[in-house]
Amino acid sequence: GESVGLHLPTLSVQEGDNSIINCAYSNSASDYFIWYKQESGKGPQFIIDIRSNMDKRQGQRVTVLLNKTVKHLSLQIAATQPGDSAVYFCAENFGNEKLTFGTGTRLTIIP
Amino acid sequence: DTEVTQTPKHLVMGMTNKKSLKCEQHMGHRAMYWYKQKAKKPPELMFVYSYEKLSINESVPSRFSPECPNSSLLNLHLHALQPEDSALYLCASSQDEYGGPGTEAFFGQGTRLTVV
């Protein structure tokens with residue numbers, strides 16, 4: 001069946017370093033992907049999205065890479081800051097209302 | 001205004017109680033969603049309303065009853081819940097019901113529900 005999964009459940013990164021969070025998906029028909037950030041006690045916050053006809057998209061300090069050949073998605077956060085500590089979810093959409101979330105990666109920034 | 005507002009923030013209810021969760025958005029979004037999130041787990045879709053009509057029910061037990069009074073409001077009525085229903089209930093909205101750029105879902109802060 002379709003699934004969206006993450007390679008690592010936890011990730012610790014030194015403040016100022018770059019972070020890379022990975023996500024694997026299995027449905028080749030997926031055409032839209034979103035990264036969300038969820039801080040403790042809060043709802044998920046949209047970070048960046050990418051369509052399946054793109055390989056890369058950049059935002060402020062964040063870059064999403066999509067490799068359709070191996071069905072892999074990654075989120076790169078440049079110069080991580082303490083405020084980046086959160087759980088990061090990739091989510092998958094098949095062109096309808098249904099957004100399927102991956103299992104999440106907890107990112108901890110070490111001062 | 002880019003907020004989705006949920007009330008209450010916290011709710012404790014007994015298994016025989018009836019309560020309602022409320023969600024409001026003023027972004028003109030036409031799709032609204034209820035998600036359930038257990039601790040250390042991703043959000044799981046429960047219901048989707050599109051243009052005020054229920055379009056998806058993810059086989060949610062009937063003790064959860066959604067309602068969309070108008071395009072800005074979404075309620076979730078709760079009755080005879082079980083302790084395992086304790087979770088964070090998230091409301092979200094998006095511009096349209098179809099996926100793709102510009103239709104990403106915006107989430108509220110959630111209601112932390114505890115069933116005793």
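Each chain gets a letter, A, B and so on, in the order its sequence line appears, and its residues count up from 1.
Cluster membership for A:L65 and A:L75, using ILVMFWY side-chain heavy atoms within less than 4.5 angstrom, is not shared. Hydrophobic clustering (ILVMFWY, side-chain heavy atoms < 4.5 Å, transitive): B:M32 and B:L73 are in distinct clusters. Under the 4.5 Å side-chain contact rule for hydrophobic residues, B:V12 and B:M15 do not share a cluster. B:L11 is connected to B:L76 through a chain of hydrophobic side-chain contacts under 4.5 Å among Ile, Leu, Val, Met, Phe, Trp and Tyr, so both are in one cluster. Linking Ile, Leu, Val, Met, Phe, Trp and Tyr residues whenever their side-chain heavy atoms come within less than 4.5 Å places B:L54 and B:L74 in a single cluster.
Environment of CD in B:Q109: crowded, with over 12 heavy atoms of neighbouring residues, nucleotides or ligands closer than 6.0 Å. Within 6.0 Å of the NZ atom in B:K38, the count of heavy atoms belonging to other residues, nucleotides or ligands exceeds 12.
Distance check: B:Q37 CD to A:Q38 CD gives 4.0 Å after rounding to the nearest 0.5 Å. Note that CG of A:L99 is 7.5 Å distant from OH of B:Y33, once rounded to the nearest 0.5 Å. Interatomic distance, CD of B:E104 versus OH of A:Y32, reported as 4.5 Å (0.5 Å rounding). B:F107 CZ to A:F46 CZ: the interatomic distance, rounded to the nearest 0.5 Å, is 11.5 Å.
Contact check for B:Y35 versus A:P44: no side-chain heavy atoms found under the 4.5 Å cut-off.
For a residue to count as touching a neighbouring chain, one of its non-hydrogen atoms must lie under 4.5 Å from one of that chain's; by this rule A:F33 does not touch chain B. The part of B:E58 that comes within reach of chain A is its side chain, from C-beta onward, which places non-hydrogen atoms under 4.5 angstrom from that chain. In this structure, chain A has no heavy atom under 4.5 Å from any part of B:Q6.
A pairwise comparison of heavy atoms in B:P42 and A:G102 identifies CB-O, 3.0 Å as the closest pair.
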